[in-house]
Amino acid sequence: MKKFSFEVTKRCKQTGARLGVLKTPHGDIHTPVYMPVGTAATVKAMTPRELKEIGAEIILSNTYHLHLRPGEDLIKEAGGLHRFMGWDRPILTDSGGFQVFSLSDIRKVKEEGVAFQSHLDGSRRFISPEVSMDIQHALGADIMMAFDVCTAYPCTHDEAEDAMERTHRWAERCKAHHADGGQVLFGIVQGAFFEDLRVKSAKALTDMDFFGYGIGGLSVGEPKPVMYDMLETIMPHMPEEKPRYLMGVGSPDCLIEGVLRGVDMFDCVLATRIARNGTCFTSGGRVVIKNAKYARDFGPLDEECDCYTCRNFSRAYIRHLFKAGEITGARLASIHNLRFLLRLMENVRQAILEDRLMDFRNEFFSKYDMTKNF
RNA sequence: GGAUGGGUUCCCGAGUGGCCAAAGGGAGCAGACUGUAAAUCUGCCGUCGCAGACUUCGAUGGUUCGAAUCCAUCCCCAUCCA
């Protein structure tokens, strides 16, 4: 479709990291980009207006969850996901593939597809590549993801290979079933933590020619260096002119390390989840704001942050809200954590533009206490 | 002044002879969290500590091998009656 395009506009001379623009009918996305996650058609605790204010260019939602509730038919009737949730910028929908992994206790994978038991009411559901495509068509997100099989860490080579081969077959089925309308489809590279499989998967997916490529099956509990190694293994085999999306990452350090290794897109629930649980990103490292030591700390969460929370409220106040169980605590922390990552990526893009991403990285880590990381 | 019911570890509240350092909840403290079964979950929560030891159930004195639990006296509290 003409309405969609991706272009790498610049490479950092210092690191080779990419700057790009992904154009969609709902607006342009400047990469490298962090995408806030709104699984159930809402980024938890955030309104679309607030998301815009902090600079979110695209958000994520989820096929499995919306299929169960309220159902894709209802969302289609509402005019599609954008209108339903009042968000007019781009949306990416995950395929339900990650739920094959995260709901492993209540699902069965077969060649045809995956039989889930709804985590809401136990009812039996079946999602195949075709069903996932149908649901995602009905939802109408700009970017759709192929239905894949995500494996755990650790897993055997055989398990990883089976999951990968199935992911490839399913990717073919997704592509065949995808209606080339106002949406584009990403394939997903699997292969767990085996270099031969990752290379094979990258090549196989590239041959299928998707609009973009997810890198799945990482950040599932492995040490970070292992993930970084896998990225370095995969990247030389990814097409240069297509967007690369590292699924489910990350933490501030992982975002930077990912960009350095050629990643264009990220999403992660971490920012919003830990925000609701009383933990915040700061330029100095993680701050568990509900801890007693902040009871009389009347300074901002992060001196360097420009977000609404940091401009107007103290650590002591935010801690108080958490201790009191007030919903505003979760909201203020969510606003901050998301703005922290979005601003980090703004800075990353600026650094790439100025060919100094490695300098930026080193400066970031000189301040960021990794012993207080995730 | 009389009647009745009570006083348990920070709070509420179980416990009526040994299995009680004492259920459960709350509060408090800490930890976890990476394509969201998460405003969730886990741990600690008398003191010192490895085992274990020591102090505690309004106060004091008894009974008993053994008491938060039984008896006596006293001190408080609540409600009702005068």
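A quick note: this is a predicted structure, and the numbers were derived from the prediction, not measured. Residue numbers start from 1 in every chain, and the chains themselves are labelled A, B, ... in the order their sequence lines are given, proteins ahead of strands.
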Span that lies between the P atom of B:U42 and that of B:G25, in whole angstrom: 11 Å

Round to the nearest Å and state the distance from A:H119 atom NE2 to B:A38 atom P. 5 Å

For atom CG of A:L60 and atom P of B:U36, their distance in whole Å: 6 Å

Note: for A:K224 and A:A330 on RNA chain B, the residue whose nearest nucleotide lies more 5' is A:K224

Which parts of nucleotides 25-30 of chain B does protein reach within less than 4.0 Å, heavy atoms only, written one letter per nucleotide 5' to 3' as B for base, S for sugar-phosphate only and - for none? ---SSS

Distance, rounded to the nearest Å, where A:L338 contributes CG and B:U34 contributes C1': 14 Å

May I ask you to evaluate whether A:Q99 reaches the phosphate of B:G35, defined as a side-chain N or O under 4.0 Å from OP1 or OP2? no

Under 3.5 Å, is there a donor-acceptor pair between the A:D121 and A:S118 side chains? yes

So, under a plain 3.5 Å distance rule, would you say the side chain of A:R276 forms a donor-acceptor pair with the base of B:A38? no

Any donor-acceptor N/O pair under 3.5 Å between B:G35 base and A:N62 side chain: no

Which nucleotide, in any strand shown, forms a Watson-Crick or G-U wobble pair with B:U34, with both distances under 3.5 Å? none

Spacing of the P atoms in B:G46 and B:C29 (rounded, Å): 16 Å

Using the P atom as the point on both nucleotides, what is the distance between B:G17 and B:C71, in whole Å? 12 Å

Specify the residue among A:G325 and A:L270 whose closest nucleotide of RNA chain B lies further upstream toward the 5′ end. A:L270

Measure from CD1 on A:I274 to P on B:U36 and round the result to the nearest Å. 16 Å

Within the modelled atom types, does a donor on one side and an acceptor on the other bring the side chain of A:T272 and the base of B:U36 under 3.5 Å apart? yes

Have a look at A:D355 and tell me which of A:R11, A:K10, A:Q14 forms a side-chain hydrogen bond (donor to acceptor under 3.5 Å, both in side chains) with it. A:K10

For the C1' atoms, the ones on B:A21 and on B:C57, what distance do you get once it is rounded to whole angstrom? 10 Å

Would you measure the distance from the C1' atom in B:A3 across to the matching atom in B:A14 and give it in whole Å? 27 Å

Considering every strand and a 4.0 Å limit on heavy-atom distances, what is the contact class for A:G217: base, sugar-phosphate, or nothing? base

Please check this pair: side chain of A:Q183 against backbone of A:A141, looking for a donor-acceptor N/O pair closer than 3.5 Å. yes

In whole angstrom, what separates A:R286's CZ from B:C33's C1'? 8 Å

Name each donor-acceptor pair under 3.5 Å that joins a side chain in residues 209-218 of chain A to protein atoms two or more places apart or in another chain, with its distance.
| from | atom 1 | to | atom 2 | distance (Å) |
| --- | --- | --- | --- | --- |
| A:D209 | OD1 | A:K242 | NZ | 2.7 |
| A:Y213 | OH | A:L205 | O | 3.4 |
| A:Y213 | OH | A:F210 | N | 3.0 |

Rounded interatomic separation in angstrom, taking CZ from A:F101 and C1' from B:G35: 10 Å

Can you confirm whether or not the ring centre of A:F126 sits under 6.0 Å from the ring centre of A:F116? no

Taken in chain and number order and not counting sequence neighbours, the residues that satisfy ring pair (Phe, Tyr, Trp, His ring centres under 6.0 Å) with A:F98 are A:F101

Atom P, compared across B:U8 and B:G58: separation rounded to whole Å: 6 Å

Using purine N1 to pyrimidine N3 plus N6-O4 or O6-N4 for Watson-Crick, or N1-O2 and O6-N3 for G-U wobble, both under 3.5 Å, which nucleotide pairs with B:C57? none

For atom P, what is the distance between B:U40 and B:A23, given to the nearest Å? 25 Å

Can A:R261 be said to sit on top of A:Y228's aromatic six-ring, NZ or CZ under 6.0 Å from centre and within 45° of the ring axis? yes

So does A:E130 pair up with A:R173, basic N to acidic O under 4.0 Å? yes

To the nearest angstrom, how far is A:I59 atom CD1 from B:U36 atom P? 12 Å

Taking any heavy-atom pair under 4.0 Å as a contact, classify A:E326: base, sugar-phosphate, or nothing. nothing

Counting any heavy atom closer than 4.0 Å, what does A:N277 reach on the DNA or RNA strands: base, sugar-phosphate only, or nothing? base

Touch class at under 4.0 angstrom, heavy-atom based, for A:I188 against every strand present: base

Separation between the P atoms of B:C70 and B:G18, rounded to whole Å: 11 Å

Could you check which nucleotide pairs with B:G5 in any of the strands shown, counting Watson-Crick or G-U wobble with both distances under 3.5 Å? B:C77

Between A:S219 and B:U34, does any side-chain N or O lie under 4.0 Å from OP1 or OP2? no

With no angle test and no hydrogens, is the base of B:G35 tied to the side chain of A:D94 by a donor-acceptor pair under 3.5 Å? yes

Are a donor atom and an acceptor atom from the side chains of A:H119 and A:Y64 found within less than 3.5 Å of each other? yes

Between P on B:C33 and CZ on A:F322, what's the gap in Å once rounded to a whole number? 17 Å

Decide ring pair (Phe, Tyr, Trp, His ring centres under 6.0 Å) for A:F313 and A:Y308; before the verdict, give the C-alpha distance in whole Å, the side-chain angles of both, and the deciding distance to 0.1 Å. CA-CA 8 Å; A:F313 306 97; A:Y308 172 70; 5.5 Å; yes

